[in-house]
Student: 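Once you've had a glance at the structure underneath, I'll fire off some questions.
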There are 2 protein chains.
Amino acid sequence: MTDASATSFAFSSVPAKQQQLIQTAFTLFYRDSIHGVGINQILQETGIAKKTLYHHFASKDELILAVLAYRDEVFFNWYEQRIRHATSAEETVQFWFSALDDWFHNRVAELQEFRGCFFMHSAAEFTDPAHPVHQHCAQHKTRLSGMLSKHLGQWLDSRKAKKLADDLCLLKEGAIVCAQVQGNKKAARQAALIAQGLLITAH
Amino acid sequence: MTDASATSFAFSSVPAKQQQLIQTAFTLFYRDSIHGVGINQILQETGIAKKTLYHHFASKDELILAVLAYRDEVFFNWYEQRIRHATSAEETVQFWFSALDDWFHNRVAELQEFRGCFFMHSAAEFTDPAHPVHQHCAQHKTRLSGMLSKHLGQWLDSRKAKKLADDLCLLKEGAIVCAQVQGNKKAARQAALIAQGLLITAH
DNA sequence: AACAAAACAGACCGATCGGTCTACCTTAAG
DNA sequence: CTTAAGGTAGACCGATCGGTCTGTTTTGTT
């Protein structure tokens, strides 16, 4: 599990109180935005003392980064295992958007109720590209695309694999926004159909 | 100008102080998120008295909605005039992504420095689909897609025009996220190439 | 059992939050 | 000129913000 992790962060080895803080903070941030939720609310929901929070995290920013790392681990691992057993580029694309569709329809308990992409939202709240939060969001997406590209590389040459992966990620982002902002539950299927055309040119 | 407006909101007929509040609020919200900016900061930047703000807006939420309406008008009108003179579906697609590319490269002064989609960000901060802010964001996107579909309808039957418009909007969202989160300035060109494949199936 | 680490309740700090209000000044309209 | 509308400075409200700290209890380790 730790080896398969996309980051050096291993949530399962974190102390229980820290885990609780991170998970609760994630739920609240994901629902009401990072700046819309104060640490006192997190403390109230968890019943944890403020001193304890500051024992584990030097600041709210540190907590936010830990929350990002946690979500990164959960999301990355889920997506990776969803496409892991694909046996062709075609099947990879199919699995890619099928996973997305399940997410939009709230069929993935570990990802919580769909409210869009937490990394997209966090990057929107911290728009300075130099801010650690923004950078973590960018890295998450780069890494996900890298994972997909590597997988496609089994069947395509690396240039084509990289290009297709980038295109699939662009489509993923588009579908997520359409699903979240407009409530369009068919966005994943829509993106999948667009992706069919990409496969023809990839071969 | 008012007739071409996508909404009943006409910013140019709004009192000067109100305009100033809205424009300054937009700049601050767009940079530091809606919840990350307090009204006192807006007042400090504008030099306007708090009583005046509450004379024009019943609450912060009302101010936010006015800011959305303002940005809606600016963005919608800009995008519409960018594709207005296209003489074919192909040229419409070309203009659609060329406009996006200019925006990403900060070549559109009226839209301010590119930091992603304000509606996407606002919907992320107000994730409850019933909230007026979220609804306004959704409506903005639905209307933009409708405008594009209507334009394409000059050359395609209405079903095909609608489908193509929806696909182009999905690609637009994807490109915006890639450009904003990962700083990928080539995202518009990338999306344009994907769109070429869509045109073949649209005819 | 002794000690250290983790955790608790809660007070405190300076600052800010969104919003209300008084007293007064300036501008616009009739 | 008079009145109404728009606008100002700034005090105030209850609440919350992120963060610091004291004193005490609980839990974990040796």
Side-chain angles (χ1 to χ4, degrees), chain A residues 10-68 70 121-122 125-126 128 131-134 136, chain B residues 10-68 70 121-122 125-126 128 131-134 136:
Chain A
F11 186 67
S12 54
S13 65
V14 161
K17 290 291 181 178
Q18 201 175 345
Q19 288 190 22
Q20 193 185 354
L21 285 165
I22 289 169
Q23 284 176 328
T24 300
F26 170 73
T27 298
L28 293 173
F29 289 161
Y30 191 38
R31 193 185 71 202
D32 294 320
S33 82
I34 291 170
H35 286 102
V37 175
I39 61 166
N40 290 306
Q41 196 180 341
I42 297 163
L43 298 175
Q44 188 181 43
E45 283 240 10
T46 54
I48 290 172
K50 191 177 288 191
K51 190 80 188 283
T52 303
L53 185 146
Y54 284 101
H55 172 74
H56 290 288
F57 306 101
S59 61
K60 187 180 177 180
D61 266 17
E62 292 297 317
L63 171 63
I64 294 166
L65 287 169
V67 171
L68 282 167
Y70 158 70
H121 296 176
S122 303
E125 286 196 60
F126 295 81
D128 177 7
H131 196 285
V133 168
H134 193 105
H136 194 122
Chain B
F11 186 67
S12 54
S13 66
V14 160
K17 290 290 181 178
Q18 200 175 347
Q19 288 190 23
Q20 195 185 353
L21 284 166
I22 289 169
Q23 284 175 326
T24 300
F26 169 72
T27 299
L28 293 174
F29 289 160
Y30 192 38
R31 194 186 69 201
D32 293 321
S33 83
I34 290 170
H35 285 103
V37 176
I39 59 166
N40 289 305
Q41 195 179 344
I42 296 162
L43 297 175
Q44 188 181 43
E45 283 240 10
T46 54
I48 289 172
K50 193 178 284 190
K51 191 83 189 282
T52 303
L53 186 147
Y54 284 100
H55 172 74
H56 289 289
F57 307 101
S59 62
K60 186 180 178 181
D61 266 17
E62 292 297 314
L63 171 63
I64 294 165
L65 287 168
V67 170
L68 282 167
Y70 158 70
H121 296 176
S122 302
E125 286 196 61
F126 296 81
D128 177 7
H131 196 284
V133 168
H134 194 105
H136 194 122

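Everything numeric here is computed off the predicted structure, so don't read it as measured data. Chain letters run A, B, ... following the sequence lines, proteins first, then strands; residues in each count from 1.
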Student: What is the separation between atom CG on B:L53 and atom C1' on C:dG18, rounded to the nearest whole Å?
Tutor: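 In whole Å, C:dG18 C1' lies 10 Å from B:L53 CG.
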Student: Are the side chain of B:T46 and the backbone of B:L43 linked by a donor-acceptor contact shorter than 3.5 Å?
Tutor: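 Yes.
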Student: In sequence, state the C-alpha distance, the side-chain angles, and the governing distance for A:R31 and A:T27, and then conclude on side-chain contact (heavy atoms from CB on, under 4.5 Å).
Tutor: CA-CA 6 Å; A:R31 193 185 71 202; A:T27 298; 5.7 Å; no
Student: Output the rounded distance in Å from CD1 (A:I64) to C1' (D:dG19).
Tutor: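 So the CD1-C1' distance, A:I64 to D:dG19, works out to 14 Å.
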Student: I'd like to check the side-chain contact (heavy atoms from CB on, under 4.5 Å) partners of B:F26; sequence neighbours left out, ordered by chain and number.
Tutor: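 For B:F26, the residues satisfying side-chain contact (heavy atoms from CB on, under 4.5 Å) (neighbours in sequence not counted) are B:Y30, B:V67, B:Y70, B:R71, B:Q112, B:F118.
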Student: Nearest-Å distance, CD (B:Q41) to C1' (C:dG18)?
Tutor: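 Spelled out: CD on B:Q41 to C1' on C:dG18 is 14 Å.
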Student: Starting at CG of B:L21 and ending at C1' of D:dG7, how long is that distance when rounded to a whole Å?
Tutor: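 In whole Å, D:dG7 C1' and B:L21 CG are 11 Å from each other.
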Student: Between protein and nucleotides 8-10 of chain D, what N or O pairs are separated by less than 3.5 Å?
Tutor:
| unit_1 | atom_1 | unit_2 | atom_2 | d |
| --- | --- | --- | --- | --- |
| D:dT8 | OP1 | B:K17 | NZ | 3.1 |
| D:dT8 | OP2 | B:A49 | N | 3.1 |
| D:dT8 | OP2 | B:T52 | OG1 | 2.7 |

Student: In whole angstrom, give the distance that lies between atom OH of B:Y54 and atom P of C:dG18.
Tutor: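 Distance check: B:Y54 OH to C:dG18 P gives 7 Å.
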Student: Atom CD in A:Q18, atom CG in A:L63: separation rounded to 0.5 Å?
Tutor: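 CG of A:L63 is found 9.0 Å from CD of A:Q18.
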Student: Check the phosphate of D:dC17 against A:N40, side-chain N and O only, distance under 4.0 Å to OP1 or OP2. Yes or no?
Tutor: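 For D:dC17, OP1/OP2 do have a side-chain N/O of A:N40 under 4.0 Å.
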Student: If I take atom NE2 in residue A:H35 and atom C1' in nucleotide D:dC17, what distance separates them, rounded to the nearest angstrom?
Tutor: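 From A:H35 NE2 to D:dC17 C1': 12 Å.
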Student: Which atoms form the tightest heavy-atom contact between A:F57 and A:A66, and what is the distance?
Tutor: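 A:F57 and A:A66 have their closest heavy atoms at CE2-CB, 3.6 Å.
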Student: Would you tabulate the nitrogen or oxygen pairs shorter than 3.5 Å linking the protein to nucleotides 27-30 of chain C?
Tutor:
none

Student: Send over the distance from B:Q20 CD to D:dG6 P, rounded to a whole Å.
Tutor: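 It is 16 Å, rounded to the nearest whole Å.
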Student: Between B:F29 and B:L68, does the side-chain contact (heavy atoms from CB on, under 4.5 Å) criterion hold? Intermediate values first, please.
Tutor: CA-CA 10 Å; B:F29 289 160; B:L68 282 167; over 6 Å; no
Student: Set out, in order, the CA-CA distance, both residues' side-chain angles and the distance that settles side-chain contact (heavy atoms from CB on, under 4.5 Å) for A:D61 and A:H131, then state yes or no.
Tutor: CA-CA 10 Å; A:D61 266 17; A:H131 196 285; 3.4 Å; yes
Student: For a quick check of understanding: with a heavy-atom distance under 4.0 Å over all strands, which category does A:H56 fall into, base, sugar-phosphate or nothing?
Tutor: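 Sugar-phosphate contact only.
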Student: Please answer whether the main-chain N or O of A:S33 pairs with a side-chain N or O of A:E125 as donor and acceptor at a distance below 3.5 Å.
Tutor: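 No: the side chain of A:E125 does not pair with the backbone of A:S33.
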Student: Can you confirm whether A:H35 sits close enough to A:F126 that some side-chain heavy atom of one is under 4.5 Å from a side-chain heavy atom of the other?
Tutor: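 A:H35 reaches A:F126 side chain to side chain.
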Student: For DNA chain D, whose closest nucleotide is more 5', that of A:G36 or that of A:A58?
Tutor: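 Counting from the 5' end, the first nearest nucleotide belongs to A:G36.
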Student: Taking CD from B:Q44 and C1' from C:dG18, how many angstroms apart are they, rounded to a whole number?
Tutor: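 Distance, rounded to whole Å: 16 Å.
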Student: Side chain of A:H55 only, please: which of D:dT20, C:dA6, C:dT20 is the nearest?
Tutor: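 Of D:dT20, C:dA6, C:dT20, C:dA6 is nearest to the side chain of A:H55.
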